[in-house]
Amino acid sequence: MPLTRSAPDTQGPPFHYRFLHRVAPAARTGFLELEERLRTAARGYPGFVEESLPLPLGQADNGELLYESALTFATLADFLGWMDSPERRSLLNPAERGGYRQAGAGDWDGHARHQWLSAAAA
């Protein structure tokens, strides 16, 4: 079950997460279609703020195409709810079996700092 937004008085700054996608050249069209399906599903998820279109970064030494995208949710809890959601998994599982790969980086330190400062001020 999806997590809901935090109450306004406890909500911190939005949570941002960047993805690096590695795509075989022959899988480019399928990757872009998958990303569109993921964006469409994420838009309907609680706490969704925005997601960028995949930005081409070039090509890796092994020939893979590199793309970056960014995803923002209102809270870390909303983001984690989306990442673990059955809707997202049902879209990704077939792609991952076909070799789809991604890595990501979030603003974990900034979020933790905000949580610590908020708790200290209370």
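Every value quoted in this text rests on a predicted model; they were computed, and no experiment measured them.
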Please report the closest heavy-atom contact between [X] and [Y], naming both atoms and the distance.
X     : Y     : value
Asp78 : Gly47 : OD2-CA, 3.2 Å
Leu34 : Leu91 : CD1-O, 3.6 Å
Pro56 : Pro54 : CD-O, 3.7 Å

Between Arg88 and Met83 (side chain of the first, backbone of the second, donor and acceptor by atom type, cut-off under 3.5 Å), is there such a pair?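 Answer holds: yes.
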Check whether any side-chain N or O of Tyr45 sits under 3.5 Å from a backbone N or O of Gly81 as a donor-acceptor pair, and report yes or no.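 Yes.
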Is there a chain of hydrophobic side chains (I, L, V, M, F, W, Y, each step under 4.5 Å between heavy atoms) that links Leu66 to Phe31?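 Each belongs to a different hydrophobic cluster.
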Hydrophobic cluster identity match, Leu55 and Leu65, side-chain contacts under 4.5 Å: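 Cluster IDs for Leu55 and Leu65 differ.
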Does the plane of the ring in Phe19 sit parallel, tilted or perpendicular to the ring in Tyr17? Use 30° and 60° as the thresholds.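 Perpendicular, since the angle between the ring planes exceeds 60°.
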What side chain to side chain donor-acceptor pair (under 3.5 Å) pairs are there with at least one residue in residues 23-39, not counting sequence neighbours?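 Passing the test, one end in residues 23-39: Arg28-Tyr67, Glu35-Tyr100, Glu36-Arg39, Glu36-Thr40.
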Salt bridge (Lys or Arg N to Asp or Glu O under 4.0 Å): which pairs involve residues 62-71, sequence neighbours left out?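 Residue pairs passing salt bridge (Lys or Arg N to Asp or Glu O under 4.0 Å), neighbours aside: Arg18-Glu68, Arg22-Glu64, Glu64-Arg101.
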When rounded to the nearest 0.5 angstrom, what distance separates CD in Glu51 from CZ in Phe73?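 Answer rounded to 0.5 Å: 8.0 Å.
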Could you measure the distance from the OG1 atom of Thr75 to the CZ atom of Phe15? Nearest 0.5 Å is fine.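 The CZ atom of Phe15 is 10.0 Å from OG1 of Thr75, to the nearest 0.5 Å.
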Heavy-atom side-chain contact between Leu32 and Val23 under 4.5 Å: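 Not touching, per the 4.5 Å side-chain cut-off.
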Note, Phe79 side chain near Leu71 side chain (heavy atom, < 4.5 Å):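 The answer is yes; the side chains approach within 4.5 Å.
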